[in-house]
Amino acid sequence: MSTLTDLQQQFSLPGVVAIEPGTNGLPRVAIATPDADAHVYLHGAHVTHYQRRGRPPLLFMSARSYFETGKPIRGGVPLIFPWFGPARDPKLPAHGFARTKSWTLSDITRADDGSVTVSLTLAADDATRALWPHEFELVYRVIVGPSLGLELEVRNIGHAPFAFDEAFHTYLAVADVRAVTVAGLGNRPYLDKMDGARLKTQAPQPFPIVAEIDRVYLDTPDAVRVDDPGLARTITVAKENSSATVVWNPWVAKAKAMADFGDDAWPAMLCIETANADRHAVTLVPGGRHAMRANVKDEPREAR
Ligand code: BG6
């Protein structure tokens with residue numbers, strides 16, 4: 001494994017990209033472009049921070065998050081692969097293993113417009129095979145520009161097909177979740193995990209968040225918008241090659257039950273997760289590739 005000094009020598013771009021010890025000394029890439037700042041940890045390939053210059057942070061981070069080997073980071077963008085939610089075997093980690101593995105930093109490039117792309121990779125090893133017996137390679141690209149671009153490419157490098165779920169578990173920062181409305185999911189079917197995963201249909205109009213919510217929306221290839229009057233902004237989550245969208249807020253009781261989440265932190269976040277899960281799980285034949293993309297941006301409400 002490369003040391004921090006190796007990574008610094010290989011990837012630093014003075015004034016733009018620094019490889020530095022982050023919380024608890026875990027290595028992270030700190031990016032500063034003309035448009036935005038961002039942090040990406042090698043632990044979980046986890047984006048913990050993105051902020052347009054002069055605007056509030058786009059992403060919520062739990063002040064009580066663990067930053068520890070083997071534990072997921074709470075907030076930012078946990079990367080979910082190869083299964084979403086609890087595994088069939090309760091001994092396996094929820095939401096897969098990608099978010100707790102140490103990823104390899106493979107490339108950092110700067111485009112003519114000043115945006116920076118950080119590429120990280122993860123491949124099957126003995127530990128992943130013990131949890132999920134498939135030969136895969138992942139390439140995750142985080143594009144830091146006037147918006148936050150995310151791309152997860154999954155490659156099947158084995159001799160048998162495999163199926164997987166995936167998600168960018170984006171924790172959006174909001175002023176007060178009780179005041180936001182969510183648009184872009186109207187008329188769509190969803191599995192209501194607050195009601196035994198019953199299949200329901202969303203009403204056509206934008207909806208508010210009025211209680212704990214945990215839903216997997218299906219057939220949702222289009223962008224989702226979160227209108228936040230408190231921060232006077234609209235966040236748009238656009239996507240490609242993603243058919244599911246998860247909407248989650250733990251509300252009061254679940255927030256209290258989570259050790260890495262402040263009891264009173266739930267009003268400040270809403271997860272809008274770009275995903276392929278449930279009946280939208282992806283099957284890849286040997287040699288096959290699949291790339292899911294999201295683009296997350298915030299704009300002042302007046303600009304719409
Ligand atoms: C959401 C799930 O995506 O993630 C919820 O739909 C889950 O059911 C939440 O509670 C948080 O999961 P975790 O494993 O990060 O606590």
Side-chain angles (χ1 to χ4, degrees), residues 44-47 58-60 72-88 92-101 122 132 136 138-142 147-155 162-172 182-194 197-202 207 209 212-226 235-250 269-284 288-297:
H46 201 117
V47 178
L58 180 68
L59 302 172
F60 165 91
I73 293 171
R74 175 76 63 195
V77 189
L79 185 57
I80 308 308
F81 175 91
W83 58 82
F84 180 83
R88 284 203 187 90
L92 298 179
H95 283 328
F97 49 72
R99 64 178 179 165
T100 50
K101 293 289 284 183
L122 182 73
W132 194 67
F136 68 88
L138 306 181
V139 182
Y140 186 41
R141 298 183 188 93
V142 178
S147 59
L148 173 64
L150 306 169
E151 176 183 298
L152 179 64
E153 184 178 329
V154 182
R155 302 173 183 166
F162 61 67
F164 63 91
D165 300 330
E166 56 186 342
F168 305 136
H169 194 306
T170 318
Y171 285 73
L172 303 179
V182 179
L185 298 169
N187 297 317
R188 298 296 164 179
Y190 66 92
L191 301 168
D192 188 351
K193 290 168 77 177
M194 300 305 301
R198 272 181 54 204
L199 189 62
K200 302 181 178 177
T201 302
Q202 183 63 50
F207 64 91
I209 310 293
E212 181 179 352
I213 183 167
D214 192 356
R215 298 179 182 173
V216 181
Y217 285 86
L218 303 168
D219 303 328
T220 53
D222 300 328
V224 176
R225 287 181 314 284
V226 176
I235 298 176
T236 304
V237 183
K239 54 191 180 136
E240 279 175 52
N241 292 337
S242 156
S243 300
T245 305
V246 181
V247 179
W248 179 64
N249 180 283
M269 51 76 59
L270 180 64
C271 286
I272 300 289
E273 308 172 33
T274 297
N276 285 303
D278 196 76
R279 73 175 191 225
H280 297 304
V282 178
T283 298
L284 274 186
R289 294 172 177 220
H290 178 272
M292 179 175 79
R293 298 183 192 90
N295 191 277
V296 191
K297 66 176 181 190

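Keep in mind that what you see is a predicted model, and the values were worked out from it rather than measured.
The closest side-chain heavy-atom distance from Thr283 to His290 is not below 4.5 Å. Two residues are said to be in side-chain contact when any heavy atoms from C-beta on lie closer than 4.5 Å; Leu138 and Phe164 fail this criterion. Between Val154 and Val282 the shortest side-chain heavy-atom distance does not fall below 4.5 Å. Using a 4.5 Å heavy-atom threshold, the side chains of Leu150 and Val142 count as touching. Counting heavy atoms from C-beta outward, Lys239 and Pro221 have side chains that stay 4.5 Å or more apart. For the pair Arg99/Ile73, no side-chain contact is recorded, criterion being any heavy-atom separation below 4.5 Å from C-beta on. Contact annotation: the side chain of Ile272 approaches that of Val247 to within less than 4.5 Å [non-hydrogen atoms, C-beta and beyond].
With Phe81 as reference, Trp132 is the one residue of Phe168, Trp132, Phe162, Tyr140 to meet the ring-ring contact (aromatic ring centres under 6.0 Å, His included) rule.
Ala244 and Ala277 make their closest contact through CB-N, 4.0 Å (heavy atoms, listed as atom of the first residue, atom of the second, distance). In terms of heavy-atom proximity, Asn187 sits nearest to Thr201 at O-CG2, 3.8 Å. When all heavy atoms of Ala197 and Leu191 are compared, the pair lying nearest together is O-CD2, 3.7 Å. Summarising the geometry of Pro72 relative to Thr100, their closest heavy-atom pair is N-CG2, 3.5 Å, with the distance given to 0.1 Å. Pairing each heavy atom of Trp83 with each of Gly96, the nearest pair is NE1-N, 3.1 Å. Smallest separation of non-hydrogen atoms from Leu199 and Pro189: CD1-CB, 4.1 Å.
In this structure, Ser242 contributes its side chain and Ala275 its backbone to a donor-acceptor pair below 3.5 Å. A donor-acceptor contact shorter than 3.5 Å links the side chain of Asn241 to the backbone of Ala291.
Atom CG in Asn249 sits 11.0 Å away from atom CG in Leu172 (nearest 0.5 Å). Remark: Arg74 CZ to Phe60 CZ distance equals 9.0 Å, nearest 0.5 Å. Here the straight-line distance linking atom SG of Cys271 with atom CD1 of Ile213 works out to 11.0 Å at 0.5 Å rounding. Put simply, CG on Asp222 and CG on Leu185 are 9.5 Å apart, with the number rounded to the nearest 0.5 Å. With values rounded to the nearest 0.5 angstrom, Glu273 atom CD is found 9.5 Å from Thr245 atom OG1. For the atom pair Leu122 CG and Phe136 CZ, the distance stands at 5.0 Å (nearest 0.5 Å).
Within 6.0 Å of NZ on Lys297 lie no more than 12 heavy atoms contributed by other residues, nucleotides or ligands.
Evaluation of the salt bridge (Lys or Arg N to Asp or Glu O under 4.0 Å) rule for Arg155 yields Glu137, Glu153 as partners, not counting sequence neighbours. By the ring-ring contact (aromatic ring centres under 6.0 Å, His included) test, His95 pairs with Phe84, His169, sequence neighbours left out. Residues satisfying the side chain to side chain donor-acceptor pair (under 3.5 Å) test with Asp192, not counting sequence neighbours, are Lys200.
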**OP:** For side chain to side chain contact (heavy atoms under 4.5 Å, CB included), just list the numbers for Asp165 and Ile80, CA-CA rounded to whole Å, side-chain angles, deciding distance to a tenth of an Å, and then say yes or no.
**Re:** CA-CA 8 Å; Asp165 300 330; Ile80 308 308; 5.8 Å; no
**OP:** Please report the C-alpha distance between Leu59 and Met269 in whole Å, then the side-chain angles of each, then the deciding distance to 0.1 Å, and finally whether the side chain to side chain contact (heavy atoms under 4.5 Å, CB included) criterion is met.
**Re:** CA-CA 8 Å; Leu59 302 172; Met269 51 76 59; over 6 Å; no
**OP:** For side chain to side chain contact (heavy atoms under 4.5 Å, CB included), just list the numbers for Val216 and Lys193, CA-CA rounded to whole Å, side-chain angles, deciding distance to a tenth of an Å, and then say yes or no.
**Re:** CA-CA 8 Å; Val216 181; Lys193 290 168 77 177; 3.9 Å; yes
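Between the side chains of Tyr190 and Arg188, no donor-acceptor pair of N or O atoms lies under 3.5 Å. Using modelled atom types, one finds a donor on one side chain and an acceptor on the other under 3.5 Å when comparing His280 with Asp219.
Ring-plane geometry between Tyr171 and Trp248 is classed as perpendicular, the angle between the planes exceeding 60 degrees on a 0 to 90 degree scale with a lower cut at 30.
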